[in-house]
Structures are given as C-alpha cells and as structure tokens.
Novice: 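The following block contains the structure, expressed as structure tokens.
So that the names make sense, note that chain A is the first sequence line, chain B the second, and so on, each numbered from 1.
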Number of protein chains: 2
Amino acid sequence: MARPRKIQELDEPHLEAWRSFLRAHARLTEVLEDELSRDLGLPLVWYDVLIQLRHAGGRLRMHDLARAVLLSRAGLTRLVDRISAAGLVEREPCPDDRRGTFVILTEKGAERLDEARPVHHSGIQEHFGRHVSLREAATLRRVFDRVLRSLEP
Amino acid sequence: MARPRKIQELDEPHLEAWRSFLRAHARLTEVLEDELSRDLGLPLVWYDVLIQLRHAGGRLRMHDLARAVLLSRAGLTRLVDRISAAGLVEREPCPDDRRGTFVILTEKGAERLDEARPVHHSGIQEHFGRHVSLREAATLRRVFDRVLRSLEP
DNA sequence: TGAAACTAGTTGCGCCTGCAACTATTGTGC
DNA sequence: GCACAATAGTTGCAGGCGCAACTAGTTTCA
C-alpha cells in the first residue's frame, strides 16, 4: 500500500557535504581573521564594512550597510562607533530623510582598505582559491547562489 | 622580459565563489539556528555537542569535545555548564588521567537529540540539500575536504 | 628521584553581538 | 490635517565567546 512519503530525505552524501562545508567555513574564517588582524590590525568585519562602502561608491545608509555586512542594526551602531573612532569612516546626517545616517568611507579608511585588500585576497587565494579549480569555483558559486535565492523572501 | 610572477592570483570567479560561500553560510546557519531554537528550544551548538557525544559513543573528554565542536576550551567549559544544568550531559572525572573530565550524554540528552535530529535534518534538506544535486554535493565535499586538509597541522 | 616542561580544565576579564525598548521622523488612511 | 502605523538609528541589558592567568596533574629527562 502506497504510504505518504516525505518529499525528500537528507541522504549521506548531502550530509557529508554539509559537514565539510561547516568545518571549512569555520577554519577558513578563523585563519583569515587571524592573518588580517595580525598583519594589519584590521578585524575582518572592519574590512567587510570598508569594502561594502567602497563597493557602494563610498557611502551607505546604516540600514543598508547592516544588511550588507549581515549584522543587526544594533550591532552595526557599535561597530561603526569603533571604526569611526579609528577614523576610517564618518557619520553624516542624511538630508532627504532626517531619521537617516550615512556612513562614509574616509581618506584614511580608503588607504587602510588599499593596504588590506591584497593581503586579504592573497589569504583567500592561499587557503581557498589555490585548492579549487575554475570549474569547481563555478559550481560553488552556482550552488550557493541557488541556495541564497531560495532563502530570499 | 620574464618578470617574476606571483604563484597565482585570486581571480574573479574564485572571489565570487568565496563571497557566495560566505553569504550562504551566514544565511543558512541563521535560518537553521532559528528553526531549531524555535521548534525545540535547542541552540545549534547544543545540538552539535550532543551529536558529537553520540558519535563518539556517548562520552568525550573536554579537550576532544572542544575540538569537535570548534570551540576554545574556555568556551566549552561554560557551554557544558549550561547543557549539564539542563540535564542533557553530565561531567565525570576521568580515572586514568586525574586532570581530565569526561562529558557524558545522559538519557535525557539522548532523548532531546532524537527529537532534534529529524527536525534539524529536514531543515538542512529543505534549505540546502534540496537545492544541491548529488554530483554537486560530491564536488562540495571534495573541495572542502581538500581545503581542510591543507589547513591541518 | 626531582625539577622543569607540558597538558587539562576552570575562572577573571573584556569584547562583540542581538533583543527589546526608546526617540525621532516619515508614511498612511480616514 | 491628524491620529496611527511603520521605519531609522541608538541604548540598556544580558548572553556567549576568546585570551590570559591560574590550579592541578602528568610527562620528560638528567
């Protein structure tokens, strides 16, 4: 008799892929964080903030920056406090929307980013890129983008 | 004239793969953490501790458990404090090595794990496995294991 | 055997984060 | 135009983590 089946079960190969994925992420971010902090005194989140700002042309609203760096707005408030205390970004009120605040990449922030980028990129190459063929990189990107799209609202 | 070249440069496809990897990890763990906490009141790290204990036959030294769940020994001390306060594990002195402490999966912990496992696994299937072909899963595992091996010692 | 080096686990401390509550501003519907 | 809901950002608070220092036990080796 046909019994109702789950749409799909999680099988061993997928579970193994998942476990390797988790472990690789943990180790890679640990190593890259250490390298960037040690060599340049720049935490990875700081780097991420600076990169996102440059990517957006140098300025971003708190709200948008929070989404870009995957942080709560509260978390971002404190983070921007620290980074701006170091002079790498500045806050500026948003003229259109008086609730809003822009975060702006300063000259000094841009310099630090220029120093950090090659270091960080060669870390990624050294520990990740080097071990991944072009074909595999394409697969990774395709798969993860697919996963991400499914998680969007 | 042949100028010295870097061994390898990080190229766009690899960088894109890296970015998607990071975002996918952040979103997936966020969602799975929420599901497990909401449905069963069990944080993901707790689940991980219980699973690792079962995997090891029900008992593990603090030190080994810390490595298994990718936590500092200090972090694990507090984590085990919390989980054992909830009755899911117990500490027991190690007879061979009087510095050592075993963490032991209790009956209650095993029950909670049995409840959580199918929930967590269907979450992984729903948000990850479902979007990944068998062939892709094999690639992911192969790539990440390769990366992990390079990070050992 | 005995001292020095090492290892296991815990604790003090400070950092970073999210949640919930709050203020200020903007948008909506009658 | 005005009350009510929604949104932007900040702050109090508590949880969870790692580092460094500490205690206790073990290994090494002369």
Novice: Reading DNA chain C from 5' onward, which residue's closest nucleotide shows up sooner: A:Pro43 or A:Pro95?
Specialist: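 Nearest-nucleotide comparison on DNA chain C picks A:Pro43.
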Novice: Is it the case that over 12 heavy atoms from other parts of the model lie below 6.0 angstrom from the CZ atom of A:Arg59?
Specialist: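 Yes, CZ of A:Arg59 has more than 12 neighbouring heavy atoms, counting only those of other groups under 6.0 Å.
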Novice: Between D:dG16 and B:Arg82, is there an OP1 or OP2 to side-chain N/O distance shorter than 4.0 Å?
Specialist: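 Answer yes for this pair, as a side-chain N or O of B:Arg82 is under 4.0 Å from OP1 or OP2.
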Novice: Considering every strand and a 4.0 Å limit on heavy-atom distances, what is the contact class for B:Thr101: base, sugar-phosphate, or nothing?
Specialist: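 Since only primed, P, OP1 and OP2 atoms lie under 4.0 Å of B:Thr101, the category is sugar-phosphate.
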Novice: Without decimals, in angstroms, what is the distance between A:Leu70 CG and C:dC16 C1'?
Specialist: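 Result: 16 Å.
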Novice: What is the distance, to the nearest angstrom, from the CG atom on B:Leu65 to the C1' atom on C:dG9?
Specialist: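 Spelled out: CG on B:Leu65 to C1' on C:dG9 is 13 Å.
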Novice: Hey, any chance B:Leu40 and B:Leu32 share a hydrophobic cluster, counting ILVMFWY side chains that come within less than 4.5 Å of each other, even indirectly?
Specialist: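 No; tracing contacts between hydrophobic side chains, which count when under 4.5 Å, never links both residues.
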Novice: For the base of C:dT7, is there a side-chain donor-acceptor partner from B:Arg99 under 3.5 Å away?
Specialist: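 Yes, the side chain and the base share a sub-3.5 Å donor-acceptor pair.
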Novice: Could you point out which residue of B:Arg91, B:Arg61, B:His63 forms a side-chain contact (heavy atoms from CB on, under 4.5 Å) with B:Thr101?
Specialist: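 Exactly one option meets the side-chain contact (heavy atoms from CB on, under 4.5 Å) with B:Thr101, and it is B:Arg91.
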Novice: Roughly how many Å is it from CG in B:Leu76 to P in D:dG16, rounded to a whole number?
Specialist: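 Going from CG in B:Leu76 over to P in D:dG16 covers 14 Å.
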Novice: Please give, in whole Å, the distance from C:dA21 P to A:Arg73 CZ?
Specialist: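 Roughly 14 Å, once rounded to whole Å.
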Novice: Are B:Phe128 and A:Phe144 close enough that their ring centres sit under 6.0 Å apart?
Specialist: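 No, too far apart.
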Novice: To the nearest Å, give me how far apart CE (B:Met62) and C1' (C:dT11) are.
Specialist: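 Rounding to the nearest Å, CE of B:Met62 and C1' of C:dT11 are 12 Å apart.
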Novice: Atom CZ of A:Phe102 and atom C1' of D:dG9: how far apart are they, to the nearest Å?
Specialist: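 Going from CZ in A:Phe102 over to C1' in D:dG9 covers 14 Å.
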Novice: Answer whether the closest heavy-atom distance between the side chains of A:Leu113 and A:Leu42 falls below 4.5 Å.
Specialist: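 Answer no - side chains too far apart.
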Novice: Which nucleotide wins on minimum distance to the side chain of A:Ala74, given the candidates C:dC19, C:dG9, C:dT25?
Specialist: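 Of the options given, the side chain of A:Ala74 lies nearest C:dC19.
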Novice: From C-beta outward on A:His63, which listed nucleotide comes closest to its side chain: D:dG9, C:dT25, D:dG18?
Specialist: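 The answer is D:dG9, which lies nearest to the side chain.
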Novice: I'd like to know if B:Arg78 reaches the base of D:dG16 with its side chain, counting only an N/O donor and acceptor under 3.5 Å.
Specialist: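 No.
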Novice: Can you tell me the distance, in whole Å, between the CG atom of A:Asp96 and the P atom of D:dG9?
Specialist: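 In whole Å, D:dG9 P lies 13 Å from A:Asp96 CG.
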Novice: Nearest whole Å is fine: how far is D:dG9 C1' from A:Glu92 CD?
Specialist: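 Rounded to whole Å, this separation is 16 Å.
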Novice: Could you say whether B:Leu71 or A:Arg61 is positioned toward the 5' end of DNA chain D, judged by the nucleotide with the nearest heavy atom to each?
Specialist: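 Mapping each residue to its closest nucleotide by heavy atoms, the 5'-most match is A:Arg61.
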